[in-house]
Amino acid sequence: MLDADFFRRWLTNAADAVDRSAALLTELDSPIGDADHGSNLQRGFTAVVVTLEKEAPETPGAVLTLAGRQLISTVGGASGPLYGTLLRRTGKALGDAAEVDEATFTEALRTGIDAVAALGGAAPGDKTMLDALMPGVDALGTSFGAARDAAREGALATTPLLARKGRASYLGERSIGHQDPGATSAALLFDALAETAENPPAPGADHG
Amino acid sequence: MLDADFFRRWLTNAADAVDRSAALLTELDSPIGDADHGSNLQRGFTAVVVTLEKEAPETPGAVLTLAGRQLISTVGGASGPLYGTLLRRTGKALGDAAEVDEATFTEALRTGIDAVAALGGAAPGDKTMLDALMPGVDALGTSFGAARDAAREGALATTPLLARKGRASYLGERSIGHQDPGATSAALLFDALAETAENPPAPGADHG
Amino acid sequence: MLINVAETVVADALRGMAAAHPELTVDVENRVIVRADAPVAGKVALVSGGGSGHEPLHGGFVGPGMLSAACPGEVFTSPVPDQMVRAAAAVDSGAGVLFIVKNYTGDVLNFDMAAELAEDEGVQVAKVLVDDDVAVTDSLYTAGRRGTGATLFVEKLAGAAADAGMPLERVEAVARRVNAGARSFGVALTACTTPAKGSPTFDLPAGELELGVGIHGEPGRERRPMMTSREIADFAVNAVLEDLNPRDPVLLLVNGMGGTPLLELYGFNAEVQRLLVERGVPVARTLVGNYVTSLDMAGASVTLCQVDEELLRLWDAPVRTPALRWGV
Amino acid sequence: MLINVAETVVADALRGMAAAHPELTVDVENRVIVRADAPVAGKVALVSGGGSGHEPLHGGFVGPGMLSAACPGEVFTSPVPDQMVRAAAAVDSGAGVLFIVKNYTGDVLNFDMAAELAEDEGVQVAKVLVDDDVAVTDSLYTAGRRGTGATLFVEKLAGAAADAGMPLERVEAVARRVNAGARSFGVALTACTTPAKGSPTFDLPAGELELGVGIHGEPGRERRPMMTSREIADFAVNAVLEDLNPRDPVLLLVNGMGGTPLLELYGFNAEVQRLLVERGVPVARTLVGNYVTSLDMAGASVTLCQVDEELLRLWDAPVRTPALRWGV
Ligand SMILES: Nc1ncnc2c1ncn2[C@@H]1O[C@H](COP(=O)(O)OP(=O)(O)O)[C@@H](O)[C@H]1O
Ligand SMILES: Nc1ncnc2c1ncn2[C@@H]1O[C@H](COP(=O)(O)OP(=O)(O)O)[C@@H](O)[C@H]1O
Ligand SMILES: [Mg+2]
Ligand SMILES: [Mg+2]
Ligand SMILES: [Mg+2]
Ligand SMILES: [Mg+2]
């Protein structure tokens with residue numbers, strides 16, 4: 001079962017991953033975007049960690065909803081509302097259960113991802129974060145590790161795609177040959193998820 | 001004896017020399033100036049050649065006076081009024097004689113150079129065109145070739161000097177180590193003078 | 001870059017704006033620039049915003065006759081909904097608020113969220129989308145045409161409409177009419193350097209240029225060997241006129257991307273105007289300058305905005321902002 | 001560069017100015033920009049000029065309340081006397097003409113010649129020299145301090161004095177008073193590229209800057225590793241205040257060299273103003289923008305101009321030019 005602490009640790013691990021990869025994400029956002037994806041997410045996830053610490057929400061749903069709201073309020077750009085909606089809608093779908101099982105989480109996450117698709121109007125293959133989110137959640141039924149691998153592959157597979165949404169779409173054919181920054185950061189979220197599952201806190205550790 | 005045609009040929013040769021060296025003069029004007037000396041003089045001497053052809057002044061004095069006025073009206077910058085004054089005052093000093101001997105020209109040129117010094121307030125050693133003009137006119141008593149060599153040496157000798165006049169003076173110590181563009185162009189004038197004296201027109205050639 | 005650290009660039013600029021412009025109220029912490037006399041009783045209010053790095057757009061257009069408030073995001077990043085909600089609350093006199101949104105996914109999503117939230121708080125909100133950039137095909141396969149130079153025209157003309165006391169629907173209609181009749185095309189001679197990246201956003205060797213760029217340091221549709229001012233004008237004017245067949249006279253914006261000297265911009269304007277004369281397009285008013293910029297990018301854009309008599313009157317109406325000022 | 005060929009850059013720009021500004025009369029061939037309503041009966045006329053590449057200086061400052069005419073030379077090259085004589089003849093109403101001359105050898109010599117010639121033609125001429133740049137020691141061993149940012153203040157305040165109907169001696173006295181109380185300091189983060197040279201005028205690696213530059217793409221007094229906006233503000237403000245001990249409030253110009261984004265300039269302004277508060281120097285008015293530029297050079301300068309009540313009134317007096325506009 002996954003409790004509020006699990007999701008807190010997930011988001012903290014995600015924030016660390018974003019920190020480590022911020023320069024890479026911005027670099028990927030240069031040839032086909034506006035060179036800010038790394039700093040956008042860094043600003044957002046830093047704020048998420050601070051808020052989670054301060055407000056200490058007590059259910060998985062509350063953790064994700066709060067984190068999503070915080071992303072919306074601090075990131076801006078396309079990725080702010082999209083990732084914010086992802087977490088907020090996932091959190092809402094979890095309701096106020098104190099613990100959720102993996103299947104419930106998988107379904108909730110799918111709801112969140114659908115909300116992202118509805119909000120941004122993108123479909124798989126449009127060279128967006130959905131190209132990592134969709135395969136990620138599909139593989140989550142198997143295992144956290146499988147989801148990580150699938151999301152990673154999904155991100156890598158955006159390289160040959162022609163972008164149809166977001167800034168990269170302005171480039172037309174010239175968007176081909178570059179990996180999508182948002183798909184790359186989406187893969188980081190699954191990375192952090194697997195990391196969180198694989199490294200449970202030492203028993204008796206203070207869960208804040 | 002030097003006639004109007006001699007001075008016309010001098011200025012035409014000077015215009016050619018300036019054309020050939022325009023990029024160099026602008027290059028020299030980059031580290032210690034504003035990167036325009038070559039284009040300034042090119043504009044001016046091109047106009048001088050056109051005017052001399054159109055107005056066909058008939059005495060040495062008239063040729064130089066007209067050329068000087070034309071430089072003043074087309075060059076601008078520091079070098080326009082200075083070179084303009086040089087030619088204008090030299091021309092005025094020649095009066096309206098139809099031909100002048102070398103000694104008369106030398107004295108007239110000295111008058112012109114003194115006018116440049118008076119107008120610009122520079123002294124020899126200040127790293128200006130005067131550092132080529134002064135040695136040039138001093139050696140003119142010997143020969144045109146000697147004047148060319150002296151002016152050239154004078155220009156080269158500006159490199160170690162600290163500039164005290166013109167834009168280069170703003171750089172203080174950092175003006176040291178660069179050859180002065182104005183001294184370099186002044187040496188070109190003596191070059192053209194020697195060339196003119198060494199290549200008299202073929203007898204019977206049309207003097208226009 | 002003339003900055004302290006990338007993280008404080010926007011906040012530093014807002015402090016500087018506050019110090020320079022006593023006629024504006026600048027909330028540095030919440031990133032909202034409001035005209036000091038807002039809300040203006042009985043008048044519709046205009047709120048715009050977008051990523052920073054396009055100055056004077058939008059903050060420099062806040063003032064009587066133009067915007068009521070501007071929300072600057074991080075550099076090239078749409079602002080967040082909280083800013084727009086706060087701005088709307090600060091400027092609404094009860095007559096409603098028009099959100100002016102450039103058509104970028106980020107701006108659209110954030111302004112949409114803000115509109116919902118502001119309406120929850122009892123503010124009547126209308127939205128207009130600016131999408132004038134002909135370099136992008138407006139199709140299902142793109143995010144749609146980008147908002148660029150026409151933003152200035154929408155903000156000025158809708159601002160004048162609001163100033164004239166028109167109700168929200170009419171101000172919104174003016175804004176839509178302006179956008180519908182405006183088209184732009186931009187070129188880049190260099191990339192720009194964002195504070196966060198610290199190096200040019202893309203690689204553009206001297207001697208080449210990008211045709212069809214936006215205002216976010218993205219590459220354009222096509223790279224070409226360097227062209228003359230006349231050739232670039234030709235390309236830009238043709239691109240615009242392919243999409244816009246003005247029956248009315250036009251307002252012309254010859255806009256610098258930030259790093260192009262005014263001397264060159266005026267020269268470019270000469271070429272653009274020569275072409276418009278050739279093509280029989282009467283230019284009613286001309287604006288030349290760096291108005292909708294991409295940081296230090298060298299380049300320019302051409303915007304034509306067709307105007308009937310009403311729009312021309314609105315253009316000539318007084319405006320008093322840091323960057324655009326005329327009339328009383 | 002957004003140009004056709006180097007040789008036509010100035011003429012092209014003048015054609016573009018003519019097309020953009022019907023309120024100016026632009027003589028492209030003779031290179032004189034005159035306000036269309038000149039000569040203005042009974043009023044002293046102001047003529048300024050200098051090399052091109054500093055736009056909007058000077059052509060952008062022609063209009064009611066500021067210059068009567070401007071004479072643009074080639075890029076970074078003083079105009080020739082013929083231009084100034086022609087300008088003086090066009091704007092003199094009989095009340096005389098003030099020549100505003102930045103202190104560079106070329107400008108001084110050409111304006112001196114022009115003054116003689118204009119006086120021969122019966123125009124009463126006074127001259128004021130602008131030399132505000134503290135980076136240059138004003139001594140026998142230099143050409144004297146350069147004229148930079150203070151030119152804007154001299155042109156605006158003397159323009160207002162002329163507009164107020166003051167006679168030539170008083171307008172000249174105002175101009176001298178303004179210059180005497182104004183000091184500037186500039187830095188460059190990049191060199192600039194002149195059309196004639198086509199490459200940067202000097203070599204400045206990223207990560208270094210030049211302190212104490214003028215406005216002609218010359219290197220400065222000293223090269224340093226890159227500094228923050230705060231450190232640069234510190235250096236510039238200290239350099240100015242070492243030379244100027246203002247008793248009165250000051251006008252502050254935070255001026256961009258052309259290639260520095262407005263976003264950065266406003267941030268720089270925040271640092272400058274913070275320092276002035278610390279040093280107890282009251283700032284009466286602030287102007288932030290690219291006004292006295294060096295083509296595409298990145299960098300900025302700080303100018304302080306101390307003003308008594310009369311000068312402050314003259315600053316606030318109406319001005320209507322392409323680049324500076326306020327009041328009625
Ligand atoms: N309509 C959309 N649907 C889904 N994802 C999108 C959409 N538009 C953009 N994205 C994602 O957002 C990423 C860019 O995020 P970011 O750089 O932070 O925002 P911005 O494009 O506003 O600068 C893209 O790489 C893409 O994955
Ligand atoms: N006061 C002066 N007296 C004599 N020569 C001078 C003086 N000032 C400048 N010069 C000469 O003029 C040259 C620069 O000419 P130019 O580049 O055409 O003008 P500017 O300095 O106005 O750009 C300098 O190299 C120097 O030789
Ligand atoms: Mg981005
Ligand atoms: Mg020079
Ligand atoms: Mg962005
Ligand atoms: Mg020069």
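By convention in this document, chain letters (A, B, ...) are assigned in the order of the sequence lines, proteins followed by strands, and residues within each chain are numbered from 1.
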Interface moiety of B:A163 toward chain D, non-hydrogen atoms closer than 4.5 Å: backbone

B:R89 side, atom CZ; B:D114 side, atom CG - distance, nearest 0.5 Å: 10.0 Å

CD on B:Q70 to CG on B:L66, rounded to 0.5 Å: 6.5 Å

Pairs of heavy atoms under 4.5 Å with chain D: top-ranked of B:A78, B:G121, B:S79, B:P81: B:P81

Part of D:V213 lying under 4.5 Å from any heavy atom of chain B: neither

Test item: side-chain donor near acceptor, D:H54 and D:K102, under 3.5 Å: no

Those residues that, when tested against B:Y170, pass ring-ring contact (aromatic ring centres under 6.0 Å, His included) (two or more places apart): none

Selection from D:A135, D:P79, D:P81 maximising heavy-atom pairs under 4.5 Å formed with chain B: D:P81

Max heavy-atom pair count under 4.5 Å with chain D, selected residue of B:K165, B:R174, B:R43: B:R174

Spacing of B:F105 atom CZ and B:E99 atom CD [to the nearest 0.5 Å]: 14.5 Å

Contacting moiety of D:R223, where chain B heavy atoms sit under 4.5 Å: both

D:E222 to D:R224 - nearest heavy-atom pair and separation: OE2-NE, 2.7 Å

Residues which pass ring-ring contact (aromatic ring centres under 6.0 Å, His included) with D:F235, listed by chain and number, not counting sequence neighbours: D:F185

Residue among B:D126, B:L82, B:L171 with most heavy-atom pairs under 4.5 Å to chain D: B:L171

Atom group of D:T142 that falls short of 4.5 Å from chain B, counting heavy atoms: both

Interface moiety of D:E74 toward chain B, non-hydrogen atoms closer than 4.5 Å: side chain

Atom pair CG/CG of B:L87 and B:L189 - distance to nearest 0.5 Å: 7.0 Å

All ring-ring contact (aromatic ring centres under 6.0 Å, His included) counterparts of D:F61, not counting sequence neighbours: none

Residues of residues 17-39 of chain B with any heavy atom under 4.5 Å of a heavy atom in chain D: B:T26, B:E27, B:S30, B:P31, B:G33, B:D34, B:A35, B:D36, B:S39

Heavy-atom proximity to chain B below 4.5 Å, by part of D:D82: side chain

